[in-house]
Amino acid sequence: MVPPTIPVLASAALCAALGITALQGFTVGRARTEATLARQDGRYDDARRVLTAALRAAPDAWQAWSDLALTARSAWVFQQQPGQLAQSLDAYRRAAALNPDSAVPRAELARTLMVAGRFGEAGSAYRDALSRDPHSPGLHVAYAQTLEAAQDVPGALAQYRAAGAIDANEYSQDAERRLGTP
């Protein structure tokens, strides 16, 4: 027979665990909101500080890692802070590792690599994202734009066409006119 105190202790432990999880969720949610407002004002250091503090409390919060990556990418692009590129890439990779089924952090990693002119790595990241969401016309178009920037016209056209087959869009239609049929 199980002593009556065992179920009570188990229930208390479960409640404590749920309370911690809820607190972490609240902390991360609040930090993400504050960081978004700070980023909108161009206060990237403030956004980074808030997100870093939240990640100390909830290190597995992939959304906070993605927000940290976006913050670093924004500082790199808009404030010409070259060191932030590496932080952005690292944070997107961490977000992707924490959310293995999602295309989102992989697509953002690819977009960052594309902006950095690292087309080969961007293409690989887009393929990784597409393996998780093959029916996203936006991902196909973004990958096509990367291939086009890398001067892979046949590859770009194939991706534009894949996007157009999923959902007719102006990017795919324009690509047919611009790039022609190889």
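V77 and L113 fall within a single hydrophobic cluster, where Ile, Leu, Val, Met, Phe, Trp and Tyr side chains are chained together by heavy-atom contacts under 4.5 Å. In the hydrophobic clustering of ILVMFWY residues, with side-chain heavy atoms under 4.5 Å counting as a link, V28 and L55 come out apart. Follow the hydrophobic side-chain contacts under 4.5 Å out from L68 and you reach L98 in the same cluster. L70 and L51 fall into different hydrophobic clusters, where Ile, Leu, Val, Met, Phe, Trp and Tyr are joined by side-chain heavy atoms under 4.5 Å apart, directly or via other members.
Between V115 and W76 there is a side-chain heavy-atom pair separated by less than 4.5 Å. The side-chain heavy atoms of E148 and L157, taken from C-beta on, include no pair separated by under 4.5 Å. Side-chain contact between E34 and D46 is absent, with no heavy atoms from C-beta onward closer than 4.5 Å.
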Kindly determine whether Y171 and Q145 satisfy side chain to side chain donor-acceptor pair (under 3.5 Å), including the steps that lead there.
CA-CA 9 Å; Y171 298 103; Q145 291 169 335; 5.6 Å; no
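Partners of R127 by salt bridge (charged side-chain N to carboxylate O under 4.0 Å, His left out), not counting sequence neighbours: none found. Remark: D128 pairs with R106, R132 by the salt bridge (charged side-chain N to carboxylate O under 4.0 Å, His left out) rule, at least two apart or across chains. The side chain to side chain contact (heavy atoms under 4.5 Å, CB included) test applied to A163 returns P137, H140, V141, N169, S172, not counting sequence neighbours. Residues passing the salt bridge (charged side-chain N to carboxylate O under 4.0 Å, His left out) test with D41, sequence neighbours excluded: R43.
Taken from CD in Q151 to CZ in F119, the straight-line distance is 8.5 Å, to the nearest 0.5 Å. Distance CG/L139 to CG/L130: 5.0 Å, rounded to 0.5 Å. Rounded to the nearest 0.5 Å, atoms CZ (R73) and CZ (F78) are 9.0 Å apart. In this structure, the separation between CD on E170 and CZ on R177 is 9.5 Å, given to the nearest 0.5 Å. The distance from the CG atom of L179 to the OH atom of Y160 is 6.5 Å, given to the nearest 0.5 Å. The distance from atom OG of S136 to atom OH of Y143, rounded to the nearest 0.5 Å, is 14.0 Å.
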With a 3.5 Å cut-off and sequence neighbours excluded, list the donor-acceptor pairs that the side chains of residues 84-97 form with protein atoms.
unit_1	atom_1	unit_2	atom_2	d
Q84	OE1	R48	NH1	2.9
S88	OG	A69	O	3.0

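Annotation for P134 and I166: closest pair O-CD1, 3.7 Å, computed over non-hydrogen atoms. Considering all non-hydrogen atoms of both residues, A103 and D133 come closest at CB-CB, 3.8 Å.
Pairs engaging residues 61-70 under the side-chain hydrogen bond (donor to acceptor under 3.5 Å, both in side chains) rule: R32-D67 [sequence neighbours left out].
For R39 and S74, the side-chain atoms include no donor-acceptor pair closer than 3.5 Å.
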